[in-house]
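Because the structure is predicted, anything quoted here is derived from the model rather than measured. Here, residue 1 is the first one in the sequence, and each next residue gets the next number.
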Amino acid sequence: MKIAFVGKGGSGKTTLSSLFIRHLAAARVPVIAVDADINQHLGAALGLDEAEAAALPAMGAHLPLIKDYLRGTNPRIPSADSMIKTTPPGEGSRLLRVGEDNLVYDTCARTVELDDTRARLMATGPFTESDLGVACYHSKVGAVELCLNHLVDGREEYVVVDMTAGSDSFASGMFTRFDMTFLVAEPTRKGIAVYRQYKEYARDFGVPLKVVGNKVQGPDDLAFLRAEAGDDLLVTVGHSDWVRAMEKGRPTRFAYLEEANRRALETLHDTADAAYERRDWERYTRQMVHFHLKNAESWGNAKTGVDLAAQVDPAFVLFEGAATPQPA
């Protein structure tokens with residue numbers, strides 16, 4: 001199951017995504033955590049110190065390796081240089097699975113210890129000084145989009161992505177790659193404005209969206225979110241002494257998280273799990289191809305010097321049981 005956490009900057013989406021990752025790991029559910037925000041804080045939220053977080057390999061820096069691995073023996077993709085962030089898989093492409101070991105995970109993922117459990121953590125990498133004036137952050141997030149396009153995941157297998165803030169998620173087709181999107185909203189006009197914008201953009205693509213109210217301090221905050229988000233409001237989260245201790249670098253065991261907040265995480269888990277029944281791999285593949293052709297025409301053909309529409313395998317549909325060729 002592919003889960004996105006979105007919201008305006010400062011809404012608490014990184015904190016909420018890290019709590020959900022901890023919850024899944026504590027439930028012994030295989031989980032890969034992905035930090036796709038321009039501000040790379042997910043590692044710290046999962047307990048890494050500053051040096052450990054800085055040492056995480058950047059997916060963006062390993063994009064050529066990721067491309068070369070994923071293209072496999074696909075005859076429609078003769079080289080990694082001809083791949084862009086939206087390139088879809090086809091016959092011969094290598095696919096990724098949550099629980100396996102492969103070159104992409106060996107290179108880009110690191111294991112994070114969470115009490116007596118663990119999770120894999122991947123990060124796009126920070127926006128560096130060398131990027132200023134010559135690159136946009138979405139070029140780094142492209143590594144995440146490629147991996148999601150080649151991922152075949154099942155029920156009770158999770159990839160949880162902490163997305164970039166605000167509506168920047170719509171700069172690519174990656175917003176359609178998720179089984180469930182949790183939008184973290186504070187009970188403020190700005191928080192609700194991001195929700196409305198996201199809902200409007202996502203409507204035409206059937207993106208499942210639920211609101212998680214954060215920093216809710218009382219009945220008036222709750223009433224405000226209910227009035228503005230309606231049935232999209234799934235659950236609310238209030239003050240947490242556990243989170244405050246974690247942010248100070250003094251975390252206690254996750255089992256000591258407040259009961260109300262534990263119940264909220266269980267609601268998120270139940271909601272994400274229920275989305276499995278609504279999966280439509282054919283629509284997922286169609287959307288993948290749609291955004292690839294759109295990007296190809298807009299900039300990809302000119303950048304690569306090839307007709308990227310030829311990369312589309314019309315007979316290929318990504319699905320949970322799809323086979324993948326193994327490395328030689």
Could you tell me whether Arg177 sits above the aromatic face of Tyr284, with NZ or CZ closer than 6.0 angstrom to the six-membered ring centre and within 45 degrees of the axis? yes
Does Leu209 reach the side chain of Tyr195, with side-chain heavy atoms less than 4.5 Å apart? yes
Verify, without hydrogens or angle tests, whether His23 (side chain) and Ala264 (backbone) share a donor-acceptor contact under 3.5 angstrom. no
Identify whether the distance between the nearest side-chain nitrogen and carboxylate oxygen of Arg226 and Asp232 falls below 4.0 Å. no
Heavy-atom side-chain proximity of Ile66 to Cys147 below 4.5 angstrom: yes
Identify whether Phe178 and Phe20 are in the same connected component of the hydrophobic contact network (ILVMFWY, side-chain heavy atoms under 4.5 Å). no
Derivation of the side chain to side chain contact (heavy atoms under 4.5 Å, CB included) call for Asp153 and Val159: CA-CA 8 Å; Asp153 53 314; Val159 176; 5.5 Å; no
Please check if the distance between the ring centroids of Phe205 and Phe291 is under 6.0 Å. yes
Assess the pair His62 and Tyr69: is the distance between their ring centroids shorter than 6.0 Å? no
Go through Phe319 and Val152 one step at a time and tell me if the side chain to side chain contact (heavy atoms under 4.5 Å, CB included) criterion holds. CA-CA 6 Å; Phe319 68 103; Val152 283; over 6 Å; no
Is it the case that more than 12 heavy atoms not belonging to Arg203 sit under 6.0 Å from its CZ atom? yes
Can you name the closest pair of heavy atoms from Thr124 and Val144 and give their distance? CG2-CG2, 3.3 Å
Is Met59 linked to Leu151 within one hydrophobic cluster, defined over Ile, Leu, Val, Met, Phe, Trp and Tyr using a side-chain heavy-atom separation of less than 4.5 Å? yes
Apply side-chain hydrogen bond (donor to acceptor under 3.5 Å, both in side chains) to residues His292 and Glu297 and explain how you reach the verdict. CA-CA 9 Å; His292 179 62; Glu297 183 178 353; over 6 Å; no
CG of Leu63 to CG of Asp68, rounded to nearest 0.5 Å, is 11.0 Å
Met288 side chain reached by Thr86 side chain, heavy atoms, under 4.5 Å: no
Intermediate values then yes/no, salt bridge (Lys or Arg N to Asp or Glu O under 4.0 Å), Arg28 and Glu156: CA-CA 9 Å; Arg28 308 295 175 179; Glu156 289 300 286; over 6 Å; no
In terms of side-chain heavy atoms, does His150 have a donor or acceptor partner in Glu145 at a distance below 3.5 Å? no
Heavy atoms, side chains only, cut-off 4.5 Å: are Thr181 and Pro208 in contact? no
So which atom in Met122 and which in Ala109 form the shortest heavy-atom distance, rounded to 0.1 Å? CG-CB, 3.6 Å
Within a 6.0 Å radius of atom CG on Asp231, are there more than 12 heavy atoms belonging to other residues, nucleotides or ligands? no
Rounded at 0.5 Å granularity, tell me how far CZ in Arg120 sits from OH in Tyr105. 6.5 Å
Arg189 atom CZ, over 12 foreign heavy atoms within 6.0 Å: no
Determine whether a donor-acceptor pair (N or O, by modelled atom type, separation under 3.5 Å) exists between the side chain of Asn74 and the backbone of Gly92. no
Please check if atom CD in Glu247 has more than 12 non-hydrogen atoms from other residues, nucleotides or ligands closer than 6.0 Å. yes
Would you call Asp179-Arg278 a salt bridge at under 4.0 Å N-O? no
Does Arg262 make a cation-pi contact with Phe254 (under 6.0 Å, within 45 degrees of the axis)? yes
Set of ring pair (Phe, Tyr, Trp, His ring centres under 6.0 Å) partners for Tyr276, sequence neighbours left out: none
Between Arg263 and Glu259, is any pair of side-chain heavy atoms under 4.5 Å apart? yes
Residues in side chain to side chain contact (heavy atoms under 4.5 Å, CB included) with Ser298, at least two apart? none
Should Ile3 and Val212 be counted in the same cluster of Ile, Leu, Val, Met, Phe, Trp and Tyr side chains packed under 4.5 Å apart? yes
Salt-bridge present (Glu186, Lys13; N to O < 4.0 Å): no
On a heavy-atom basis, which atom in Ala25 and which in Leu114 lie closest, and how many Å separate them? CB-CD1, 3.9 Å
Side-chain donor-acceptor pairs under 3.5 Å in residues 41-50, sequence neighbours left out?
from  : atom 1 : to    : atom 2 : distance (Å)
Asp49 : OD1    : Ala51 : N      : 3.2
Asp49 : OD1    : Glu52 : N      : 2.7

Reported OG1-to-CG distance for the pair Thr285 and Leu318, which is rounded to 0.5 angstrom: 5.0 Å
Between Leu16, Val6, Thr14, which is the residue that forms a side-chain contact (heavy atoms from CB on, under 4.5 Å) with Asp162? Thr14
How close do Lys210 and Leu234 get, counting heavy atoms only, and between which atoms? CB-CB, 4.0 Å
Linked, directly or transitively: Met163 and Ile21 (ILVMFWY side chains, under 4.5 Å): no
Decide yes or no on side chain to side chain contact (heavy atoms under 4.5 Å, CB included) for Val289 and Arg286, but give the supporting numbers first. CA-CA 5 Å; Val289 169; Arg286 284 198 307 271; 5.8 Å; no
Within-4.5 Å side-chain heavy-atom neighbours: Leu19 and Asn261: no
Heavy atoms of Gly10 and Lys215 approach each other most closely as O-NZ, 2.7 Å
Tell me, do Leu24 and Val160 make a side-chain contact under 4.5 Å, heavy atoms counted? yes
Whether His269 and Tyr158 hold their rings parallel, tilted or perpendicular, with breakpoints at 30° and 60°: perpendicular
Would you check, one step at a time, whether the test side chain to side chain contact (heavy atoms under 4.5 Å, CB included) holds for Glu157 with Met1? CA-CA 6 Å; Glu157 293 180 325; Met1 303 297 288; over 6 Å; no
Close side-chain approach of Thr188 and Ile192, heavy atoms under 4.5 Å: no
If every non-hydrogen atom of Ser82 is compared with every non-hydrogen atom of Ile77, which pair is closest and at what distance? OG-CG2, 3.7 Å
To the nearest 0.5 Å, tell me how far Thr164 OG1 sits from Asp37 CG. 4.5 Å
Same cluster (ILVMFWY, side-chain, under 4.5 Å), Val141 and Leu65: yes
Any side-chain donor-acceptor pair under 3.5 Å between Thr87 and Gln311? yes
Just checking, any donor-acceptor pair under 3.5 angstrom between side chains of Glu91 and Thr73? no
